[in-house]
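Note that the structure is predicted; figures quoted are calculated from it, not measured.
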Amino acid sequence: MSLPKNPVVVIPARMASERLPGKPLADIHGEPMIVHVWRRAMEAEIGPVVVACAEKEIADAITSAGGHAILTKPDHPSGSDRVFEAIENFDPKGAYDAVVNVQGDLPTLDPHVVRTVFAPLGKEVVDISTLAVEISEESERTNPNVVKAVVGFEEGANVGHGLYFTRATAPYGEGPLYHHIGLYAFRREALKRFVSLAPSVLEKREKLEQLRALENGMRIDVALVDTVPLGVDTPADLERARAALKP
């Protein structure tokens, strides 16, 4: 059992956002938000970091900061498809054997979280790894916007086999529920297979892309973390990120 030897971090980013248009370039103390995310990913020090951009403005912001950006087709149906195009462009010979997909709207992300989502790939049967945090607020247990990871963590374990992901309150009965966090690490071949698959029945029903992997027999393991990273989706979220990153 050993981790993939050559991981790369890819951050998909696009300007389109219903609640916060142009958010990758939203200013946070003099720098675009996407640059803050890129810096956090660099600080994880697990491999090179590439920003997969839907628009040239994002690529220009990253290159101006000294980073590596790849311009992708603007109309990808998902971040995973954008990540795949970028990594195939960046590394057409397949030297990098794992891909960590970090969302482009996490400017306060702890670099340790990037390392944590990569770690479960140390088990060779795992195709994809992701994250979850134990739900502490009662209202989140029934909130369909809080996606639950159905995982039977053994006592004392911080990594478990992801059996399902759902917007429903699951599993039934006494015990903890887990809030899924949408960072992923893929074995390179698993990412290639995943994006080649058609959207699956339960994926379309729950509107959860990761169900496509489960419905096609791929294994997802889930690592526990302490907190949900602050995702910037609204102007209020942006103000919270500015406050958290205040010099």
Between [X] and [Y], is there a donor-acceptor pair closer than 3.5 Å when you use the side chain of the first and the backbone of the second?
X      : Y      : result
His36  : Ile28  : yes
Arg167 : Glu206 : yes
Arg141 : Thr169 : no
His68  : Val49  : no
Asn158 : Ala223 : no
Thr130 : Ile181 : yes
Ser64  : Ala61  : no
Lys23  : Asp105 : no

Drop me the distance from Arg240's CZ to Leu245's CG, to the nearest 0.5 angstrom.
->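 Between Arg240 CZ and Leu245 CG, I get 13.5 Å after rounding to 0.5 Å.
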Co-members of Leu177 in a cluster of I, L, V, M, F, W and Y side chains, linked at under 4.5 Å =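 Result for Leu177 is Ile135, Val146.
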Taking ILVMFWY side chains as joined if any heavy atoms are under 4.5 angstrom apart, and letting links pass through other members, which residues group with Val159?
->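 Result for Val159 is none, singleton.
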Restricting to non-hydrogen atoms, name the atom on [X] and the atom on [Y] that form the minimum distance, rounded to 0.1 Å.
X      : Y      : answer
Val117 : Leu183 : CG2-O, 3.6 Å
Lys123 : Arg187 : O-NH2, 2.9 Å
Leu224 : Thr116 : O-CG2, 4.3 Å
Asp233 : Leu20  : O-CB, 3.7 Å
Thr72  : Ala52  : CG2-CB, 4.1 Å
Met15  : Glu57  : CE-OE2, 4.4 Å

Which residue pairs pass the ring-ring contact (aromatic ring centres under 6.0 Å, His included) test with at least one member in residues 115-165, sequence neighbours excluded?
->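 Qualifying pairs: Phe153-Tyr178, Phe165-His180.
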Classify the side-chain pair Glu209/Ser80 by whether it contains a donor and acceptor separated by less than 3.5 Å.
->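 Yes, Ser80 and Glu209 have a side-chain donor paired with an acceptor closer than 3.5 Å.
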List for me each residue that meets side-chain contact (heavy atoms from CB on, under 4.5 Å) alongside [X], sequence neighbours excluded, and say none if there are none.
X      : value
Glu154 : Ala157
Pro48  : Val8, Phe90, Tyr96
Lys73  : Asp75, His76, Glu85

Does atom NE2 of His112 have more than 12 heavy-atom neighbours, drawn from other residues, nucleotides or ligands, at distances under 6.0 Å?
->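 Open: at most 12 neighbouring heavy atoms sit under 6.0 Å from NE2 of His112.
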